[in-house]
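Values below: every heavy atom of this structure, side chains too, minus hydrogens, waters and symmetry copies. Model, not experiment: these values are computed from the prediction. We count residues from 1, following the sequence as given.
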Amino acid sequence: MRQLNEIIIDLKEGKKVEYEEARLSCLVLRDLLFFAEGDVKHLFEDNKLSRLLVENEYKDQPGRMGRRHICALHKSPEEWLGNHHPDNPDQKRFMEIGNKILDNVIKKCDTLKKD
């Protein structure tokens with residue numbers, strides 16, 4: 001099976017991936033979210049996390065104490081992704097432009113290495 005980053009890149013570019021890759025990737029990303037939540041909790045408990053960072057966490061839900069990921073869990077993936085959906089023509093163009101820029105940077109770096 002391919003690496004997680006390869007699967008994510010294909011999904012962001014609107015490519016189709018195998019069912020098993022997508023299924024297991026979702027579970028891996030859920031685990032990473034779980035561990036990140038624990039890390040943030042420990043930082044907060046140890047007073048190493050600034051109050052500003054904690055307050056910014058709740059900006060998308062004014063008047064409500066909740067996290068972005070909880071909001072995302074209660075929406076369909078299509079609703080959460082919105083304009084960033086890989087099938088959205090604007091998102092496809094954005095990804096193509098980003099890939100072209102990256103390709104140009106890589107080519108220039110390769111040229112500089114040869115000189």
Side-chain angles (χ1 to χ4, degrees):
M1 184 172 284
R2 297 180 306 148
Q3 293 180 358
L4 181 62
N5 65 333
E6 295 170 331
I7 297 165
I8 292 170
I9 289 168
D10 278 356
L11 290 168
K12 285 178 71 174
E13 291 179 348
K15 297 176 184 172
K16 303 296 180 196
V17 299
E18 292 182 17
Y19 171 82
E20 193 66 4
E21 287 181 326
R23 185 177 77 87
L24 295 179
S25 294
C26 284
L27 295 174
V28 169
L29 292 171
R30 176 58 193 118
D31 285 351
L32 292 175
L33 178 61
F34 175 80
F35 294 128
E37 289 172 352
D39 293 342
V40 170
K41 181 180 176 189
H42 291 325
L43 288 170
F44 184 68
E45 289 170 350
D46 294 342
N47 292 321
K48 294 179 183 174
L49 191 62
S50 74
R51 185 75 185 148
L52 179 62
L53 179 62
V54 174
E55 289 169 358
N56 283 339
E57 178 76 21
Y58 305 110
K59 277 191 177 173
D60 6 32
Q61 298 178 10
R64 194 170 156 214
M65 294 300 280
R67 296 176 180 223
R68 287 184 202 119
H69 72 273
I70 291 173
C71 184
L73 289 173
H74 293 284
K75 292 183 178 186
S76 72
E78 287 179 335
E79 187 180 6
W80 176 258
L81 289 172
N83 291 334
H84 299 286
H85 191 292
D87 293 340
N88 178 339
D90 291 334
Q91 177 67 10
K92 285 182 179 182
R93 280 192 294 279
F94 177 78
M95 292 301 295
E96 288 170 4
I97 290 168
N99 287 337
K100 285 179 184 176
I101 292 170
L102 184 58
D103 288 343
N104 286 335
V105 169
I106 291 170
K107 285 177 187 174
K108 285 189 181 194
C109 287
D110 288 344
T111 302
L112 290 174
K113 285 180 185 177
K114 291 177 184 177
D115 291 343

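Two residues are said to be in side-chain contact when any heavy atoms from C-beta on lie closer than 4.5 Å; N99 and E13 meet this criterion. Under the 4.5 Å side-chain criterion, counting only non-hydrogen atoms from C-beta, L81 is not in contact with N88. N5 places none of its side-chain heavy atoms less than 4.5 Å from the side chain of I8. Looking only at side-chain heavy atoms (C-beta outward), I7 and L24 stay at 4.5 Å or farther from each other. In this structure the side chain of P89 reaches within 4.5 angstrom of the side chain of R93, judged on heavy atoms. Under the 4.5 Å side-chain criterion, counting only non-hydrogen atoms from C-beta, L11 is in contact with V17.
Interatomic distance, CG of D87 versus NZ of K92, reported as 5.5 Å (0.5 Å rounding). Here S25 contributes atom OG and E20 contributes atom CD; the two are 9.5 Å apart, rounded to the nearest 0.5 Å. Within the model, atoms CD of Q3 and CD of E21 stand 11.5 Å from one another, a figure rounded to the nearest 0.5 Å. Once rounded to the nearest 0.5 Å, the distance linking CD of E96 with CG of D103 reads 11.5 Å. To the nearest 0.5 Å, atoms CD (E37) and CG (L33) are separated by 4.5 Å. To the nearest 0.5 Å, atom OG1 of residue T111 and atom NZ of residue K113 are 10.5 Å apart.
Shown here is E78, whose CD atom has no more than 12 heavy atoms of other residues, nucleotides or ligands within 6.0 Å. Heavy-atom contacts from other residues, nucleotides or ligands closer than 6.0 Å to CG of N83 number 12 or fewer.
Shown here for R2 and E6, the closest heavy-atom pair between the two residues is CB-OE1, 3.2 Å. Considering all non-hydrogen atoms of both residues, P86 and K12 come closest at CB-O, 3.9 Å.
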- Test log, rule side chain to side chain contact (heavy atoms under 4.5 Å, CB included), inputs L32 and L29: CA-CA 5 Å; L32 292 175; L29 292 171; 4.1 Å; yes
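M1 and L27 fall within the same hydrophobic cluster, where Ile, Leu, Val, Met, Phe, Trp and Tyr residues are linked whenever their side-chain heavy atoms come under 4.5 Å apart, directly or through other members.
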